[in-house]
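Structure first, commentary second.
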Amino acid sequence: MMRIRSSGRRLALTALAATAALTTASCGASAEQSAADATTLTLAVQGAPNSFDPLELTDGTQAYVWSSVYDTLLRYDNKGELQPNGAKSWSYSDDRKTLTLKLQDGMTFSTGAPVNSAAVKATLERTMKEPGQNQFKLSAVESVEAPDESTVVLRLKEPDAALLHAFTMAVGVIGDPKTLDSERTALNPVGSGPYVLDGSTVNASKYVLKKRDDYWNAKAYPFETVEIRVIKDRTATVNALQSGGLSAASVETTQVDRLKAAGFDVKFIEAVAMGGLTLADRDGTRVKPLGDERVRRAINMAFDRNKIVEQLLRGAGKPTQQVFSPKSDAYDPALERTYAYDPAAAKKLMAEAGYPDGFEVHMPSLFFTKPFEPTVDQALAEIGVEVTWDPTPRRTACRRSPRRSTACSSPSRGSPPRRARYRRTSAPATCSTAPTPN
């Protein structure tokens, strides 16, 4: 759950570049509304959570809802630096195959039951055992131990540089072992987060969250009530923002001029997530051509990243050739020079690989990929690759598709930030990238 400074301002965010539009609460707001704004935050997101079951949690703007009721073990701050959260400290062994986490003191679930290492162990082991879209993120974990009430020890098969990052996201939530497998978990879970779902919540439409006074870090959350409305239409979102029905929302860059004309000040916020195209079938098991590195290199060369940023994202983003954030220790500036946009050279590679006439591939189509699909179609068609988009429910998007020829996944959304003091809300997809070949 994000934290926003209670400044009495209304906030708008672009969907693809974290552009913030601000105006004073007195602009079109009554004194009564201003008083309510001090304790209530109303947000809009495009999609509702698939489920509150930790097995089904997805990152992205859905996390605005589920991260309100769950603690994650770790978090990132506004500077992109890893910080304690449910775990107050962590340490690795010299060979980085043993990770030890120490939990915060005084943590409780919304039922009043204590949060302990057994709860973390049960949640992680359930994710490791049961099929789900987060299972692969724990593939390096061999076992989870709880030697005492506040210590969790993970034994790894091999070092995993992504594990700590995963603990800031859905994989890092802490569930209540007594209720994890009950029916209530899908719609009204028992969590250790700062908020609980109110009875006025309407699933998939409106989520009303009430602050827990007994939360271990309650002072960090200024809002007594957070209401998150699911509004799929971007124009309707902007209308609600302008009418005072929302405190914050995600808006497209095309709406910035309208917001300026309505008296909003616009501030660009640095990107925090990415969108890209993933080549999942690098062995060529489902689509044989993808097993050839020359084909994967050709696909990388087929995308004009700068044009995508300028035309599709209206300049609100940064082109990149890697999945690592510039704030990450893993970011390598040299990788940005790996692939130049060169369709002619890409076609030559396709011919050398034995596919001068290209091939066909299926890709999952989701609500957030639709704006990108024509661009992907055009870029790949130029080198002979014909794409068929298969409508895919969000809950199965990250799982292996049974369709033999589904070997690529479409541009992805990033994840919103959570739990940093006065953290701004941010929007997904901050940069435009093409697939990586390896």
Side-chain angles (χ1 to χ4, degrees), residues 136 139 161-162 274-313 317-324 330-366 369-392 396-413 429 431-438:
F136 77 96
S139 60
M274 60 83 65
L277 192 69
T278 300
L279 302 179
D281 188 21
R282 291 176 300 196
D283 293 330
T285 303
R286 301 189 180 197
V287 178
K288 185 178 179 180
L290 293 179
D292 193 308
E293 183 179 337
R294 290 168 294 185
V295 171
R296 301 196 301 272
R297 288 167 55 197
I299 291 174
N300 269 277
M301 297 164 68
F303 286 87
D304 187 341
R305 297 165 180 78
N306 290 307
K307 185 176 181 180
I308 290 174
V309 169
E310 291 303 316
Q311 296 187 4
L312 189 60
L313 308 186
K318 295 180 180 179
T320 184
Q321 297 186 34
Q322 57 189 299
V323 298
F324 301 111
Y331 181 79
D332 183 357
L335 292 178
E336 302 294 2
R337 300 186 294 273
T338 305
Y339 299 104
Y341 170 59
D342 193 340
K347 291 178 183 178
K348 183 178 179 181
L349 283 172
M350 292 284 287
E352 290 177 0
Y355 304 100
D357 298 322
F359 57 91
E360 297 180 1
V361 67
H362 285 256
M363 294 173 60
S365 175
L366 295 99
T369 68
K370 292 188 180 299
F372 296 90
E373 290 174 12
T375 300
V376 174
D377 284 341
Q378 182 178 359
L380 294 181
E382 193 168 358
I383 63 171
V385 179
E386 181 180 342
V387 179
T388 297
W389 296 92
D390 299 325
T392 306
T396 60
C398 295
R399 299 179 185 178
R400 185 178 295 274
S401 169
R403 184 183 293 273
R404 178 185 60 82
S405 56
T406 300
C408 301
S409 63
S410 45
S412 59
R413 292 170 73 97
C431 51
S432 169
T433 115
T436 53
N438 45 31

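Hydrogens, waters and symmetry mates play no part in the numbers below; they use all other heavy atoms, side chains included.
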A302 versus Y341, closest heavy-atom pair with distance:
O-CE1, 3.4 Å
Checking [X] side chain against [Y] main chain: does a donor-acceptor pair fall under 3.5 Å?
| X | Y | answer |
| --- | --- | --- |
| Q322 | D332 | yes |
| D292 | R294 | yes |
| R296 | R282 | yes |
| D281 | V287 | yes |

Within this structure, what is the [atom1]-[atom2] distance for the pair [X] and [Y], rounded to the nearest 0.5 Å?
| X | Y | atom1 | atom2 | answer |
| --- | --- | --- | --- | --- |
| H362 | T392 | NE2 | OG1 | 11.0 Å |
| D342 | D304 | CG | CG | 11.0 Å |
| M350 | I383 | CE | CD1 | 5.0 Å |
| Y355 | L349 | OH | CG | 13.5 Å |
| F372 | I308 | CZ | CD1 | 8.5 Å |
| D283 | K288 | CG | NZ | 13.5 Å |

So, using side chain to side chain donor-acceptor pair (under 3.5 Å) as the criterion, who are the partners of E382 when residues are at least two apart?
none
Test side chain to side chain contact (heavy atoms under 4.5 Å, CB included) on I299 and L290; report intermediate values, then the result.
CA-CA 10 Å; I299 291 174; L290 293 179; 3.8 Å; yes
Assess whether atom CD of Q378 is packed by more than 12 heavy atoms of other residues, nucleotides or ligands within 6.0 Å.
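Check fails, neighbour count at 12 or below.
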Test log, rule side chain to side chain contact (heavy atoms under 4.5 Å, CB included), inputs F359 and V295:
CA-CA 10 Å; F359 57 91; V295 171; 3.7 Å; yes
Run the side chain to side chain contact (heavy atoms under 4.5 Å, CB included) check on K307 and E310 step by step: do they pass?
CA-CA 5 Å; K307 185 176 181 180; E310 291 303 316; 5.8 Å; no
pair M363-L277: side-chain heavy atoms closer than 4.5 Å
yes
For the residue pair E336 and T320, establish whether any side-chain heavy-atom pair is separated by less than 4.5 Å.
yes
Could you go step by step and tell me if R297 and Y339 meet the side chain to side chain contact (heavy atoms under 4.5 Å, CB included) rule?
CA-CA 8 Å; R297 288 167 55 197; Y339 299 104; 3.9 Å; yes
